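Keep in mind the model is a prediction, meaning the values are calculated, not measured. Quick note: numbers below take in every heavy atom, side chains included, and nothing from hydrogens, waters or symmetry partners.
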Amino acid sequence: MDIAIQKKNQSFRLSVDLIERLKKLAKGQNRSLNNFVETLLIDAAYHTPNEVTLKAMEEVRSGALRDVQPLDMSSIEAMEKSMGL
């Protein structure tokens with residue numbers, strides 16, 4: 001049983017430069033301009049980061065993690081050791 005998603009036409013006024021940039025980005029992903037913009041809008045409207053993610057994003061922006069040693073990804077054991085497990 002297919003469930004049809006209702007859609008409505010809507011017009012927006014956007015700068016020519018922005019439209020051209022969006023077209024290039026859509027083409028690079030082999031998608032239509034409509035699908036590309038709709039996906040961006042859905043992402044912006046429905047994927048709000050939670051408190052933990054927002055805190056992590058702020059840590060990165062503040063530079064607080066600059067002195068943190070990177071994970072050793074050479075093996076599972078090395079990764080666990082570099083994580084302090």
Discussion item. Starting from Tyr46 and following side-chain heavy-atom contacts under 4.5 Å between hydrophobic residues (I, L, V, M, F, W, Y), which residues can be reached?
Written reply: Ile42
Worksheet item: Measuring from Asp72:CG to Glu77:CD, what's the distance to the nearest 0.5 Å?
Response: 10.5 Å
Discussion item. Just verifying a value: how many Å separate Leu41 CG and Phe12 CZ, rounded to the nearest 0.5 Å?
Written reply: 7.0 Å
Discussion item. More than 12 heavy atoms of other residues, nucleotides or ligands under 6.0 Å from CD of Glu51: yes or no?
Written reply: no
Fill in: Closest non-hydrogen atom pair, Ser32 against Ala26
O-CB, 3.8 Å
Worksheet, complete the sentence: Output for pair (Leu22 CG, Asn34 CG), nearest 0.5 Å, gives 11.5 Å
Item to complete: May I ask whether Met57 and Val52 are part of the same hydrophobic cluster, defined by side-chain heavy atoms of I, L, V, M, F, W, Y residues being less than 4.5 angstrom apart, directly or through others?
Response: no
Worksheet item: Which value, rounded to the nearest 0.5 Å, describes the distance between Ser15 atom OG and Arg21 atom CZ?
Response: 12.0 Å
Discussion item. Please determine whether the number of non-hydrogen atoms from other residues, nucleotides or ligands lying under 6.0 Å from atom CG of Asn30 exceeds 12.
Written reply: no
Item to complete: Look at atom CZ of Arg31 and say whether more than 12 heavy atoms of other residues, nucleotides or ligands are closer to it than 6.0 Å.
Response: yes
